[in-house]
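The block underneath contains the structure these notes are about, expressed in structure tokens.
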Amino acid sequence: MIKIFKITAISEGFSYLILLSNMLFIKPTHLELYKTFLFPIGMTHGVLFIAYLYLSFMIKEKQNWSVKDLTLIILSSLIPFGAFFIERKYLKNA
């Protein structure tokens, strides 16, 4: 289960960065291309985000995370590159 969480955390981080890149770099110059990419990228990121949250609650007990740790893990998913930080700090040895 922890390995699945690691893969989900990394995938969620990349999907977030791709979504932001689409918004920042493609939208100003190619509006139609932006609209074409928005739904599949957004849907993928949404599913990965929900999976990230679900799995973080599921493995909280196995990893002996405190409420403070779980809160940090959940909040880091809202920050670009936050999922990579969590993967390195909390899941490196798992």
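- Rounding to the nearest 0.5 Å gives a distance of 11.5 Å between CD of Gln63 and OG of Ser56.
- The structure places CE of Met58 at 12.0 Å from CD1 of Ile2, a figure rounded to the nearest 0.5 Å.
- The hydrophobic clustering, which links ILVMFWY residues whose side-chain heavy atoms are closer than 4.5 Å, places Tyr16 and Leu24 together.
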Table please: side-chain donor-acceptor pairs of residues 66-74 below 3.5 Å, with sequence neighbours left out.
| residue | atom | partner | partner atom | Å |
| --- | --- | --- | --- | --- |
| Ser66 | OG | Lys68 | N | 3.4 |
| Ser66 | OG | Asp69 | N | 3.2 |
| Ser66 | OG | Asp69 | OD2 | 3.4 |
| Asp69 | OD1 | Tyr90 | OH | 3.1 |
| Thr71 | OG1 | Val67 | O | 2.7 |

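- The two residues Ala83 and Ala9 make their nearest non-hydrogen contact at CB-O, 3.2 Å.
- Criterion: ILVMFWY side-chain heavy atoms under 4.5 Å apart, direct or through other members. Under it, Leu53 and Ile59 are part of a common hydrophobic cluster.
- Checked against side chain to side chain contact (heavy atoms under 4.5 Å, CB included), Leu17 has the following partners two or more places apart in sequence or in another chain: Pro80, Phe81, Phe84.
- Cluster annotation: Ile79 is not connected to Leu20 through the hydrophobic network of ILVMFWY side chains, with a link wherever side-chain heavy atoms come within less than 4.5 Å.
- To the nearest 0.5 angstrom, Lys6 atom NZ is 10.5 Å from Arg88 atom CZ.
- Taking Ile, Leu, Val, Met, Phe, Trp and Tyr as hydrophobic and joining them when side-chain heavy atoms fall under 4.5 Å apart, one finds Val47 in a cluster with Phe39, Met43.
- Atoms CG and CD1, from Leu55 and Ile50 in turn, are 12.0 Å apart once rounded to the nearest 0.5 Å.
- A search for side chain to side chain contact (heavy atoms under 4.5 Å, CB included) contacts involving Lys27 returns Leu31, Tyr34, not counting sequence neighbours.
- Taking CD1 of Ile10 as the start and CZ of Phe5 as the end, the distance is 10.5 Å to the nearest 0.5 Å.
- Summarising the geometry, atom CD1 belonging to Ile26 is positioned 7.5 Å from atom NE2 belonging to His30; distances are rounded to the nearest 0.5 Å.
- Cluster annotation: Leu75 and Ile86 are assigned to the same hydrophobic cluster (Ile/Leu/Val/Met/Phe/Trp/Tyr, side-chain heavy-atom contacts under 4.5 Å, transitive).
- Take Thr29 and apply the side chain to side chain contact (heavy atoms under 4.5 Å, CB included) test, not counting sequence neighbours, and it matches no residue.
- Ser77 and Phe49 make their closest contact through OG-CE1, 3.2 Å (heavy atoms, listed as atom of the first residue, atom of the second, distance).
- The shortest side-chain heavy-atom distance between Ser76 and Tyr52 falls under the 4.5 Å cut-off.
- For the side chain to side chain donor-acceptor pair (under 3.5 Å) test, residues two or more places apart in sequence or in another chain that qualify with Ser15 are His45.
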